[in-house]
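In what follows, every chain begins at residue 1, and chains take the letters A, B, ... in the order their sequences are listed. Heavy atoms only: backbone and side chains are in, while hydrogens, waters and symmetry mates are out.
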Amino acid sequence: MAASETVICIGCPLGCRVVVSLDKKGNVTRIKGAQCKQGERYVLKELREPVRTLTTTVRTMDDAYPLLPVRTTRPVLKTLMADIMRETVGVRVKPPVRCGKVIIADVAGSGADLAATTDWKG
Amino acid sequence: MAERIDVAVIGAGPAGLAAAIAAREQGAERVVIIKRSERLGGLLPQCIHNGFGLLYFGEDMTGPEYERVFMRRAEKAGVEARLETMVLDLGEGREITAASSRHGYMRFRPGAVVLAMGCRERARGTLGIPGGRPSGVLTAGTCQRYVNIEGYIPGERFVILGSGDIGMIMARRLTLEGARVEAVVEIMPWPGGLIRNEVQCLHDFGIPLLLEHTVTFVHGEGRIAGVTVARVDAERRPVPGTERFVPCDCLLLSAGLIPENELSLKAGVELDPVTGGPVVDENRQTRVPGIFAGGNVVQVHDLVDWVSWEAEAAGRAAARFADKGKMPFAGKVRVSPGENVKYVVPQYISGKEDVTLHLRVTRPGRKAALRLGGKAWKRFRSVRPGEMIIEKVPVARLSQFISGGELRVDCGRGETGEEA
Ligand code: SF4
């Protein structure tokens with residue numbers, strides 16, 4: 001069964017609604033609504049493998065500084081966000097932490113690390 | 001503090017840091033940041049999301065990472081800080097009166113001043129929502145501090161009023177933390193924030209964005225129990241019969257930011273009623289000689305990158321003023337907002353320098369044409385009030401657009417334009 005998917009391009013303020021038609025095998029047969037080529041490229045990538053940088057916090061052992069902000073070191077598959085959040089539960093970090101320090105390596109098997117985004121001397 | 005200070009910077013967020021660093025780099029000997037709290041830096045540590053620095057560093061950074069770089073630069077540049085110091089008054093001849101627990105009461109006259117106080121969120125009082133005064137109604141920024149700094153989620157079911165960027169970002173953050181966001185309610189027919197936030201914070205999590213809706217009543221005694229949401233008509237009035245009750249235990253307000261200018265008013269700085277910030281020239285000098293301003297105190301920016309750039313311009317000019325003891329206000333040419341232009345910063349230019357115009361449109365539209373002095377300058381596939389337009393105009397081109405001491409800026413539909 002052929003299908004179509006709508007993706008909003010975030011390439012510029014226009015926010016084109018792009019409709020991508022797919023054949024039975026999932027091959028793209030038509031792209032409609034993008035006003036530029038970069039937009040089409042973005043939409044195809046977003047459709048094939050939508051990725052996001054996930055940012056959150058992890059707990060520390062210090063009541064005066066209860067949270068350490070962290071990020072994935074690169075964009076990860078959107079579908080992994082909930083798994084990554086689950087992996088952070090129970091993590092307790094101790095000072096000192098330098099910005100960029102890996103808190104969880106290959107978090108949720110995403111291929112990216114979860115790393116500190118600030119220095120914490122403690 | 002009788003010693004000579006060349007440039008005093010009031011505020012230590014991204015604007016204050018960038019202004020101070022730029023002032024030092026421009027050669028100002030003593031640059032001092034005055035800050036109310038005990039550490040330099042502003043609200044960026046609670047903005048743990050990414051999307052900062054894409055323009056400034058060409059890198060996708062989080063708020064804490066962005067601030068860290070500027071803190072280190074400030075330290076390297078030899079910027080001084082007066083912490084836990086509150087500016088009480090900015091008076092005649094740039095005289096600063098301040099009080100601090102550490103340094104006591106002080107009065108001094110720096111060579112130049114940069115206002116970098118940033119902005120604050122519109123609170124419930126200014127929105128005028130009827131209903132009781134239960135707890136659980138707070139601004140999106142306050143909630144952001146609870147969730148990202150203090151480690152406390154203030155509710156389980158949220159409604160967010162206003163689709164500003166912080167509200168949308170909190171919708172995602174709260175959902176990731178396991179709370180439920182019932183809806184983001186926006187009175188206008190378009191979202192207030194960036195399109196990227198609409199997609200990545202709302203669509204990604206299936207959070208409904210109710211455009212042309214508003215909260216008409218806050219229910220609950222003691223704690224908020226829910227809100228009444230209704231559709232609005234073209235005049236933004238609630239449409240009778242469209243009301244429905246949405247249960248929630250927390251209402252977040254994300255309905256706009258207001259430049260923080262109480263001190264500017266004390267100093268006699270003229271404000272632009274539209275931006276809510278000082279009227280400035282291309283050097284970011286205000287109408288009061290030697291008082292400069294940059295960042296969200298001037299106009300609420302979408303991106304911190306532009307806060308940094310604008311504050312740097314103010315810092316450099318302040319250093320030049322402190323050195324020479326004067327700098328005329330570049331008031332020869334008035335920049336006036338025309339068709340579909342809400343405001344333009346700077347409000348005045350000399351016409352003798354390259355200038356970067358910052359502007360916002362009033363209404364969104366497709367195929368908009370930016371016209372300077374009535375002449376076509378640039379076409380946009382689309383414009384949105386939530387996305388600031390920034391255009392650099394070289395001096396060589398400026399003169400052909402200026403007439404009668406005015407540079408008119410329009411951003412309506414082009415001659416060949418279509419309906420939005
Ligand atoms: S497709 Fe092109 S024009 Fe449309 S939103 Fe994307 S970048 Fe902008």
Contact listing (chain A partner; residues 200-207 of chain B; heavy atom under 4.5 Å):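 Heavy-atom contacts from residues 200-207 of chain B to chain A are Gln200(B), His203(B), Asp204(B), Phe205(B).
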Any residue of residues 49-64 of chain B which, by heavy atoms, sits under 4.5 Å from chain A: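 Heavy-atom contacts from residues 49-64 of chain B to chain A are His49(B), Asn50(B), Asp60(B), Met61(B), Thr62(B), Pro64(B).
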Interface moiety of [X] toward chain A, non-hydrogen atoms closer than 4.5 Å:
{"X": "Glu387(B)", "value": "side chain"}
{"X": "Ile195(B)", "value": "both"}
{"X": "Arg173(B)", "value": "side chain"}
{"X": "Arg196(B)", "value": "both"}
{"X": "Val383(B)", "value": "neither"}

Beyond-backbone contact of Ile149(B) with Leu67(A), side-chain heavy atoms, under 4.5 angstrom: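 Answer no - side chains too far apart.
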Option that, when pairs with chain B are counted at under 4.5 Å, heavy atom only, ranks first among [options]:
{"options": "Ile8(A), Thr56(A), Val89(A)", "value": "Thr56(A)"}
{"options": "Cys99(A), Cys9(A), Ala82(A)", "value": "Cys99(A)"}
{"options": "Thr57(A), Ile84(A), Thr118(A), Val70(A)", "value": "Thr57(A)"}
{"options": "Val7(A), Asp63(A), Leu68(A), Thr117(A)", "value": "Thr117(A)"}

Which atoms of Leu54(A) approach chain B - backbone, side chain, both or neither, heavy atom under 4.5 Å: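 Side chain of Leu54(A) only, per the 4.5 Å heavy-atom cut-off to chain B.
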Contacting region of Thr88(A) [heavy-atom separation from chain B under 4.5 Å]: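 It is neither, since no heavy atom gets under 4.5 Å.
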Step through the shown structure and confirm whether more than 12 heavy atoms of other residues, nucleotides or ligands are within 6.0 Å of [atom1] on [X].
{"X": "Arg73(B)", "atom1": "CZ", "answer": "yes"}
{"X": "Glu177(B)", "atom1": "CD", "answer": "yes"}
{"X": "Arg17(A)", "atom1": "CZ", "answer": "no"}
{"X": "Leu43(B)", "atom1": "CG", "answer": "no"}

Non-hydrogen atoms of Arg52(A) and Val199(B) that approach each other most closely: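 Reported closest heavy-atom pair: NH2-CG1, 4.4 Å.
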Pro66(A) to Glu150(B) - nearest heavy-atom pair and separation: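 For Pro66(A) versus Glu150(B), the nearest heavy atoms are CG-O, 3.6 Å.
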Separation of Cys36(A) SG from Arg381(B) CZ (nearest 0.5 Å):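 Going from the CZ atom of Arg381(B) to the SG atom of Cys36(A) covers 4.5 Å.
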Backbone of Gly151(B) reached by a side-chain donor or acceptor of Arg59(A) within 3.5 Å: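 Confirmed, Arg59(A) side chain pairs with Gly151(B) backbone.
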Partner chain A: residue of Glu67(B), Arg172(B), Glu65(B), Arg384(B) with the largest heavy-atom pair count (under 4.5 Å):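 The option with the most such pairs is Glu65(B).
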